[in-house]
Amino acid sequence: MSHILKGAAVSLLEEIRSLDIKDVLHLVQEQFPNAITFSTSFSNEDQVITDLIDKSKVPVNIFTLDTGRLFESTYDTWESTNAHYGIHIKGYSPDTTLLQNFLDQHGPNSFYQSVERRKECCAIRKIAPLKKALQGYAVWVTGIRAEHSISRQGSAIIEWDEENKIIKYNPLLHWTTEEVSQYIRQNHLPYNILHDQGYVSIGCAPCTRAIREDEDFRAGRWWWEDDSKKECGLHIKQ
């Protein structure tokens, strides 16, 4: 099955070149009925995509990864988004046994100790729940943008995710930060208020800080680590 999906990703990339996002969603729905899922972290990018999905009327499943250590304002945005669109966004949480064993062995904040420990935490809280959430779907919609990091500049709007054996659709890949912010303002969308306080890329509370104007987009994530290591593993290129 995966080789069929991989070939479809190549074909779709050619077919969508002149289409807008809503038209792409309709095209994908035609080829993979009821097999599209979207992972939201309630970032500004993801709020834009949620709005476009709602306006397209394409039946896209929407979920989020509830790591257990999100900001309170992220949970608030989750609730306000549900209310705004009249939907229920399902949360996927870490396996309780795996998490408890990790905490018993290393403590609650061991991710500050080394990159390896932090990646182990991300694997339990994010990667494993993601794999569970993606099961049974053919297309995964994400909010990644090329501006986010050097590693994401090599992404394509539609690409094959070998790790998860799924077609990945990155509709806002070439949008700028201003274009995203403008869409939020013009359409009066609910958004995470941390974006008004210098937070640009928002993840777990212990691993996220506000950034200065002269800092890189991802500087506020895992700020104690080398810049080249700042990925949690959800969007690693194979």
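Nothing fancy with the numbering, it's 1 onward along the sequence. Keep in mind that this is a model prediction, so the values were computed, not measured.
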Would you check if the side chain of [X] reaches a backbone N or O of [Y] as a donor-acceptor pair within less than 3.5 Å?
| X | Y | value |
| --- | --- | --- |
| Gln31 | Val28 | no |
| Glu159 | Ala9 | no |
| Tyr92 | Lys131 | no |
| Ser43 | Asp46 | yes |
| Asp54 | Thr50 | no |
| Thr74 | Leu70 | no |

Does the side-chain contact (heavy atoms from CB on, under 4.5 Å) test come out yes or no for Leu130 and Leu65, once each step is laid out? CA-CA 7 Å; Leu130 174 71; Leu65 302 178; 4.2 Å; yes
If every non-hydrogen atom of [X] is compared with every non-hydrogen atom of [Y], which pair is closest and at what distance?
| X | Y | result |
| --- | --- | --- |
| Ser181 | Asn44 | OG-ND2, 4.5 Å |
| Ser56 | His26 | O-NE2, 3.0 Å |
| Pro206 | Phe111 | CB-CZ, 3.5 Å |
| Phe42 | Asn192 | O-CB, 4.1 Å |
| Val200 | Ile211 | CG2-CD1, 3.4 Å |
| Ser201 | Thr208 | O-CG2, 3.2 Å |

Does the separation of the ring centres of Phe38 and Phe63 fall below 6.0 angstrom?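 No, too far apart.
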Tell me if the centroids of the rings in Phe71 and Tyr199 come within less than 6.0 Å of each other.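 Here the rings of Tyr199 and Phe71 have centres that are less than 6.0 Å from each other.
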With a 4.5 Å cut-off on side-chain heavy atoms, are [Y] and [X] touching?
| X | Y | value |
| --- | --- | --- |
| Asp95 | Ile124 | no |
| Tyr183 | Asp51 | yes |
| Arg145 | Leu173 | no |

If the plane angle is over 60° it's perpendicular, under 30° parallel, otherwise tilted; pick one for His106 and Phe102.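 Judged by the thresholds at 30° and 60°, the geometry between His106 and Phe102 is tilted.
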Salt bridge flag under 4.0 Å for residues [X] and [Y]:
| X | Y | result |
| --- | --- | --- |
| Asp161 | Lys165 | no |
| Glu162 | Lys168 | no |
| Lys119 | Glu225 | no |

Chi angles and distances behind the side-chain hydrogen bond (donor to acceptor under 3.5 Å, both in side chains) call for Gln47, Thr81: CA-CA 8 Å; Gln47 294 302 90; Thr81 302; 2.8 Å; yes
Taking atom NZ as the centre, does Lys90 end up with more than 12 heavy-atom neighbours from other residues, nucleotides or ligands that are less than 6.0 angstrom away?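 Open.
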Do other residues, nucleotides or ligands put more than 12 heavy atoms under 6.0 Å from Lys132 NZ? no
OH on Tyr137 to CG on Asn61, rounded to 0.5 Å: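 Answer rounded to 0.5 Å: 3.5 Å.
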